Protein chains: 2
Amino acid sequence: MGQAEYDLLWGEPHRNGRGRPAALSRERIVAEAVAIADAEGLQKVSMKHLAERLGSGVMSLYRHVPGKDELVVLMYDSLMAGPLPLAEADNWRDVLRHWGLGVRDLFTAHPWALGVATGERVMGPGEAGWVDAVIGRLTAVGMPAELGLIAVLTVDCFALGAVRPEIGGAGSETEYFQFLTDPAIRARYPNLAPLAEPGTAAEGSMEDYFDFGLERVLDGLEHYIESRQ
Amino acid sequence: MGQAEYDLLWGEPHRNGRGRPAALSRERIVAEAVAIADAEGLQKVSMKHLAERLGSGVMSLYRHVPGKDELVVLMYDSLMAGPLPLAEADNWRDVLRHWGLGVRDLFTAHPWALGVATGERVMGPGEAGWVDAVIGRLTAVGMPAELGLIAVLTVDCFALGAVRPEIGGAGSETEYFQFLTDPAIRARYPNLAPLAEPGTAAEGSMEDYFDFGLERVLDGLEHYIESRQ
DNA sequence: CGAATGATGCGTATGCGATACGCTAATTAG
DNA sequence: CTAATTAGCGTATCGCATACGCATCATTCG
């Protein structure tokens, strides 16, 4: 599986001129699958449904994609091949903040991708290009080169973990703390209870805790860089 | 689905004495499912396989669990009902560090749970108890009460996002950067290339970047708390 | 004590999703 | 024209979740 996935993402396509021309293409298949996942959820991306959308037979898809699992990997990497959230700023802090918010926006627009990102996978060309580009920008505006990767990863990890409640549907903030609406249950969690009382709201209310956490991460990186000198 | 999941996690079981006594129990089913997932992966947790392990018929399981999806939710919450990674320390920084490392260890021991954590879900009693307990400890050792939740969430989010490469198998660090072994491809990513050259290793090497990132997050929180006063 | 009650155990049937196999169709090289 | 080569896809199979209904078995009531 590991090697197969690797070849899939990084291997070269081959054609020698001869043979029936392809009506389908890997790109069209992946793009349509992403469209379905965005609109109806990853669960609704079945080979059958996908083939219907593309106006082809189910088994035709297998001429362009090894299987369902691999398709999902390709879908994920195709997202990363899109536009980069690279700020024009002249300092690394703004670049990283813009990056972190860009990651949040990407996963908010494509909620299904979060499960892929946190699953087992190898890095594909799209994602590699993404990460490489930020690191380049960061070093260009003064971040020490040895710190680029680790800084990006730290921000990425936070963003990845923190984006879930930003996504609508079950799992979003409101439903997540649904149990606090029951007074009897609320009493069992004295430290969580204040969340249900509007006046006593916790600092940096849930609404913008992504931004709060991101600033803390940036603070931490800044503190580290300063202390190194 | 939202309401059903909620009732499942927070609703009271009911029995009125009459009727055939149950040979199976929700607890046994969930525990066995967790054992399978730990040993063979979540993918191998099928109702059939699970029933065989329990020595019962497949459909018997449905008397105790509404369905497969709900079973997974219960499996996840059962993890959180286990022992808490609460440090005995007398300062919030040590408590939060211990907490973050505990989260990492939990997901390393139960890799399948990461996908559940980042998926859509509502908070169950186990997880609520977890979070409530840390917040209590944090305020006990001096962290301002309004900051407890947001601090825990920030650390949690980082830990959740950063734990993936700590888990073995595909997706772990080595295979993740597999493409860098090809010189031709490496040339396309100048900023990532140093990763493949042993001598020029990036600072805070990949091995311990979880710890590195965690310290940065703690730094950031500390800086914030100091600046508030 | 025997039958009604209410809950459980579970075999069978259904339907869906992924995909192996093999045949047919469409091009081009020689 | 013929062989080589590659794409499209119908059919069959297999695994999985689960709806339905019946048999089973303590408890409780008449």
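As the structure is a prediction and not an experimental result, all values here were calculated from the model. Quick note on labels: first sequence line is chain A, next is B, and so on, each numbered from 1.
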OP1 or OP2 of C:dC10 sitting under 4.0 Å from any side-chain N/O of B:Ser60? yes
If you measure from the Lys or Arg side-chain nitrogens to the Asp or Glu carboxylate oxygens, is any gap between A:Glu40 and A:Arg53 under 4.0 Å? yes
Between B:Met59 (CE) and C:dA13 (C1'), how many Å, whole number? 11 Å
Run the numbers on B:Tyr176 and A:Arg121 for side chain to side chain contact (heavy atoms under 4.5 Å, CB included), then give the verdict. CA-CA 7 Å; B:Tyr176 191 60; A:Arg121 66 201 166 82; 3.4 Å; yes
Taking the side chain as C-beta and beyond, is there a heavy-atom pair between A:Asp69 and A:Val73 under 4.5 Å? no
Whole angstroms only, please: what is the CG-P distance between B:Leu61 and C:dC10? 9 Å
Apply side-chain contact (heavy atoms from CB on, under 4.5 Å) to A:Arg63 and list each qualifying residue two or more places apart in sequence or on a separate chain. none
How far apart are the C-alpha atoms of B:Arg216 and A:Val217, what are their side-chain angles, what is the distance that settles it, and do they pass the side chain to side chain contact (heavy atoms under 4.5 Å, CB included) test? CA-CA 6 Å; B:Arg216 284 334 115 222; A:Val217 172; 5.7 Å; no
For B:Arg28 and B:Glu32, run salt bridge (Lys or Arg N to Asp or Glu O under 4.0 Å): C-alpha distance rounded to whole Å, both residues' side-chain angles, the deciding distance at 0.1 Å, then the answer. CA-CA 6 Å; B:Arg28 271 220 312 143; B:Glu32 192 65 37; over 6 Å; no
Does the plane of the ring in B:Phe179 sit parallel, tilted or perpendicular to the ring in B:Phe177? Use 30° and 60° as the thresholds. tilted
Whole angstroms only, please: what is the CE-C1' distance between A:Met47 and C:dA20? 13 Å
Tell me whether the OP1 or OP2 atom of C:dG17 has a side-chain N or O from A:Lys48 closer than 4.0 Å. no
What nucleic acid atoms does B:Ser46 come within less than 4.0 Å of, heavy atoms only: base, sugar-phosphate, or nothing? sugar-phosphate
Can you pull every protein N or O that's under 3.5 Å from an N or O on nucleotides 6-8 of chain C?
from, atom 1, to, atom 2, distance (Å)
C:dG6, N2, B:Arg20, N, 3.3
C:dT8, O2, B:Arg20, NH1, 3.1

Give me the first and last nucleotide of DNA chain D, going 5' to 3', that has any atom under 4.0 Å from a heavy atom of chain A. D:dA4 to D:dT11
When rounded to whole Å, the OH to P distance for the pair B:Tyr62 and C:dG11 reads 14 Å
Within 45° of the six-membered ring axis of B:Phe210 and under 6.0 Å from that ring's centre, is NZ or CZ of B:Arg104 located there? yes
Write down the distance between CD (A:Glu52) and C1' (C:dC16), rounded to a whole number of angstrom. 12 Å
Side-chain donor-acceptor pair present, B:Asp182, A:Trp10, cut-off under 3.5 Å: no
Rounded to whole Å, how long is the line connecting atom CD of B:Gln43 with atom P of C:dA18? 13 Å
